[in-house]
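Numbering starts at 1 and runs along the sequence shown.
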Amino acid sequence: MLQKITGPCFRNMVKYGLSNLEKYCELVNDLNVFPVPDGDTGTNMVMTIKNALPALDTASDALSKVAQSFASATVFGARGNSGVIVSQFFKGLADGFTMEDADPVEFSRAIDNGYQYAYAAVAKPVEGTILTVIKDGAAAIKDKLSQITAIDEAVSAFISQAKISLENTPNLLPILKKAGVIDSGGAGLVYFFEGIALFLNGEPLPSTQYAPTENAHYVDYSAFNRYSNFEYGYCTEAILQLTVDEAEFRYDDFCRRLQKLGDSIVTSYESDKIKLHIHSHTPEKVLAFCHRYGEFLALKIENMSVQHTQTTQKKYLCSKNQEDGVFALVAVAPNGLLQAMLSDMGADVVILSAEAPSSQDFIEAFEHLSAKEILVFPNSSNSIMSAEQAGNLYDKAHVTVINCRSIAECYSAMAVIEFGESDVQAVVDIVNETISNIYQVAITRATKNTRFGAQNIVKDEYFSLAGKDVLMTGSSFETVSLDTVKIVAQDKDCSVINLFYGKNISESRAEKLAEQIRDVCDAEVCLIATQDDIYDLIASFE
């Protein structure tokens, strides 16, 4: 039984907790209220903690030093709302660990401190979320403190009550009960502490089954279409196990014939295996040729045109026309198409991020600017808290985070900005007013069968979603989209309808839908391509 937490012990607790959370990351992501493939709570929690792991390796073994170093790294690397809450929990925990090592009483105080920091991070705390699970787990340790003699007993008390609290989240948050799921952030927290318990019980490190995609490896395929010039060909690498008789194979002849199929050829012949590298516009011919002689033990083919484009894409797209104005704009875009669009509309820096950007990502974007006032368009409800945390950490300019939760809202808000305006508050006011007057609905295809309240949604069926309400379901994208837009347009008496269509909808299909909407709605209808791979259509009404 562990009597005290030391610095090295804290390192292992975090590593075990992270490994267990990674193991169940997809399960956490799948705890969606709606059957939409956009769950990223688990990913954001994992990346927030994982990116801070190097900070654990401090020169000191004192608990206070290790915990503070790790907490600071999680704050800067926090991604998404769940990541920000977790980072603040660790910050509170670290501020509670002011000693060389901590006994159960000091551990209890630190956990209690962590829950208070987590609550303080949220402007309007909502019960039935990860906050409630943290609070109830902390209270359980405090209530049983007189009976607790070791750290593992304290962690066990936390987990037991946290599980009960997690199962109760649907009773506290109606949207969870309506969807029949528990809170995803709370589930992630429980998995993390169960990993800690494995360490304290002497169990082996959990094997992970999930590795979140880092932005550095993100490929924006929206940069390509049928008209793209694929000039660079393919890089093909293979290890070929020869199966023909040795007498039938001539290595020199093999290499000579290979030269007719491509260039940049590098081969090595060891025993009965050949390692091969070749650049070719016809990799299928390379494979067919090699297959005459044996079987592939390993094979990799990469499009070099994609590689070239990927290296030229910028995480931070900075406007070439950036001026020393009173204010500057920072926006977030999930792909290159939207990054270019927002830049063209006037954003000074656009962050390319398929996932929720970290607080550090926002800070690095701010560093590209000289303005003393920065307006941030997070363009996702899951990026607002990390943007706000970045604003609080940044001291070279005053940062205002706009409550902008979608590309649709950003598009309309940026269209009304007077970029020469010297009154920043006036700009913020008109942006907020514009966003408040926007009503939007999303149409997508269900990824699974589900029941939301009294509404049954069948897998692969299209449904329209407005906020937390399912408006309509059906087997046809066009029917669901047209009927939804007609109903909303009549109810909202709008003058402008913007249709943001995703990657699964062709331009001709979107144009046909727009014409049908123009025929039945007395409003200006605009089409904007997004390459969104989750929502087939987002319609905003002004």
Side-chain angles (χ1 to χ4, degrees), residues 32 34-40 218-228 306 332-342 344-345 352-355 379-380 405-412 415 438-448 450 457-467 469-489 492 494 496-521 523-542:
N32 284 8
F34 298 105
V36 179
D38 64 348
D40 56 2
Y218 167 64
V219 180
D220 181 19
Y221 294 111
S222 69
F224 300 91
N225 57 44
R226 65 171 66 92
Y227 306 111
S228 297
V306 173
V332 179
N335 58 52
L337 178 68
L338 293 176
Q339 185 187 39
M341 183 187 78
L342 296 181
D344 290 342
M345 292 184 72
L352 176 63
S353 184
E355 295 132 349
N379 300 338
S380 167
R405 297 167 179 264
S406 69
I407 291 293
E409 292 179 349
C410 183
Y411 181 88
S412 296
I438 294 172
Y439 185 83
Q440 66 182 40
V441 296
I443 290 89
T444 189
R445 183 179 284 187
T447 57
K448 60 184 177 182
T450 191
I457 303 175
V458 180
K459 182 182 178 182
D460 292 330
E461 187 176 48
Y462 289 97
F463 68 100
S464 53
L465 190 63
D469 297 319
V470 176
L471 303 182
M472 192 172 296
T473 63
S475 58
S476 166
F477 165 75
E478 280 76 11
T479 300
V480 172
S481 299
L482 182 59
D483 290 349
T484 298
V485 171
K486 281 167 54 179
I487 292 172
V488 174
K492 299 300 178 182
C494 60
V496 177
I497 302 173
N498 292 321
L499 302 177
F500 299 84
Y501 62 97
K503 67 185 301 182
N504 295 324
I505 306 301
S506 66
E507 183 178 0
S508 60
R509 195 176 177 188
E511 287 176 344
K512 184 177 179 180
L513 175 63
E515 285 301 318
Q516 291 175 318
I517 292 174
R518 290 187 185 103
D519 290 340
V520 297
C521 297
E524 179 185 350
V525 179
C526 303
L527 270 180
I528 303 99
T530 65
Q531 286 295 320
D532 193 315
D533 57 0
I534 296 175
Y535 295 102
D536 294 317
L537 184 75
I538 293 177
S540 69
F541 303 81
E542 300 178 37

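For K492, the side-chain contact (heavy atoms from CB on, under 4.5 Å) criterion is met by Y439, V488, not counting sequence neighbours. Partners of L513 according to the side-chain contact (heavy atoms from CB on, under 4.5 Å) rule, which considers only residues two or more places apart in sequence or in another chain, are F477, S481, L482, Q516, I517, L537. In this structure E511 satisfies the salt bridge (charged side-chain N to carboxylate O under 4.0 Å, His left out) test with no other residue, sequence neighbours excluded.
Note: T473 OG1 to E461 CD = 4.0 Å, rounded to the nearest 0.5 Å. Rounded to the nearest 0.5 angstrom, S464 OG and D469 CG are separated by 10.0 Å. In this structure, the separation between CD on E478 and CD1 on I505 is 6.5 Å, given to the nearest 0.5 Å. Note: L337 CG to L342 CG = 9.5 Å, rounded to the nearest 0.5 Å. Between the CD atom of E524 and the CD atom of E542 there is a distance of 9.0 Å, given to the nearest 0.5 Å. To the nearest 0.5 Å, the span separating NZ on K448 from CG on D460 amounts to 13.5 Å.
The two atoms that bring A446 and I457 nearest to each other are CB-CG2, 3.6 Å, heavy atoms only. Considering all non-hydrogen atoms of both residues, A539 and L499 come closest at CB-CD2, 3.8 Å. Minimum interatomic distance between N32 and G39 (heavy atoms only, all atoms of both residues): OD1-CA, 3.2 Å. Scanning all heavy atoms of the two residues, the minimum distance from V441 to A466 falls at CG1-CB, 3.7 Å.
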| task | Could you please spell out the steps behind the side chain to side chain contact (heavy atoms under 4.5 Å, CB included) verdict for Y411 and I438? | result | CA-CA 11 Å; Y411 181 88; I438 294 172; over 6 Å; no
| request: Any chance you could lay out the side chain to side chain contact (heavy atoms under 4.5 Å, CB included) test for T444 and L465, step after step, and finish with the verdict? | output: CA-CA 8 Å; T444 189; L465 190 63; over 6 Å; no
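At a threshold of 4.5 Å between non-hydrogen side-chain atoms, the residues V332 and S380 do not count as touching. The shortest side-chain heavy-atom distance between P334 and I407 falls under the 4.5 Å cut-off. Residues I528 and N498 form a side-chain contact, since some pair of their non-hydrogen atoms from C-beta on lies under 4.5 Å apart. Proximity of V470 to F34: side-chain heavy atoms (C-beta onward) are separated by under 4.5 Å at one or more points. Put simply, the side chain of I487 reaches to within 4.5 Å of the side chain of M472, judged on heavy atoms. Contact annotation: the side chain of V485 approaches that of F541 to within less than 4.5 Å [non-hydrogen atoms, C-beta and beyond].
For the pair D532 (side chain) and I534 (backbone), a donor-acceptor distance under 3.5 Å is present. Between the side chain of N335 and the backbone N or O of T530, at least one donor-acceptor pair lies under 3.5 Å.
Look at R518 and E515 and you find a salt bridge, because one of the NZ, NE, NH1 or NH2 atoms lies within 4.0 Å of a carboxylate O, short of that distance.
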